[in-house]
Amino acid sequence: MLSNKRIQELELVMEFEKVEECFKEVSSWIENVGRKRLKETINLDDSLEMLLQAQKHFKEFDLVASEHCRRGQEALKKMNQWEDFSFVDVHSYRVKLQTYEDELEEFCTQLDETRHRVCETVRLYEFFDKVRQGICCTEEGVKS
């Protein structure tokens, strides 16, 4: 039984190392690229044209960022099997995984919020642009 326990521990450690390697790649991308690009979208431009351009760039970034989020989530799902191994000492690995999961969840939430904010800002600017055009047309009609 002790031998089986040690084999299972070794298998889990090897699996954890694969997951950790994947997650380190994802985590590095989040830190070096993802967070910086999200910060760039904090101040959106004042014109509809510039805002639409920013939205286009964000959509391109969003595709890449969503892929990194998906990869990180898949890696973490692989470790759900650890729930079945309560007799194996995996506490230190669980702590690391929780840290990775928290970081990934925070970034994915920020990505979702930014996606929503950009979309809503574009919709608002489009609405105001239509209102402005309507006012201009009304003023021209009154002048004639």
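All values reported here derive from a predicted model rather than from experimental measurement. Just so it is clear, the values below take in all heavy atoms, side chains as well, and ignore hydrogens, waters and symmetry mates.
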Using side chain to side chain donor-acceptor pair (under 3.5 Å) as the criterion, list what pairs up with [X], not counting sequence neighbours.
X	value
D112	R115
E67	R70
Q53	H57
D102	Q98

- Task: Identify the heavy atoms of G72 and V26 that sit nearest to each other, and give their distance.
- Result: N-CG2, 4.0 Å
According to side-chain contact (heavy atoms from CB on, under 4.5 Å), who are the partners of [X], at least two apart in sequence or on a separate chain?
X	answer
S27	F23, E103
S3	I7
T99	none
Q133	D129

Holding to salt bridge (Lys or Arg N to Asp or Glu O under 4.0 Å), I want the full list of residues that pass it with [X], two or more places apart in sequence or in another chain.
X	result
E21	none
K96	E20
E11	none
R37	E40

- Quick check: does any side chain N or O of D62 sit under 3.5 Å from a backbone N or O of F58, one acting as donor and the other as acceptor? no
- Item | E74 vs C22, side-chain contact (heavy atoms from CB on, under 4.5 Å): CA-CA, chis, key distance, verdict | CA-CA 10 Å; E74 284 179 4; C22 174; over 6 Å; no
- Message: Would F61 and L111 count as a side-chain contact (heavy atoms from CB on, under 4.5 Å) here? Give the steps.
- Response: CA-CA 10 Å; F61 162 74; L111 181 64; 3.9 Å; yes
- Take V64 and V33, measure what side-chain contact (heavy atoms from CB on, under 4.5 Å) needs, and give me the verdict at the end. CA-CA 10 Å; V64 175; V33 179; over 6 Å; no
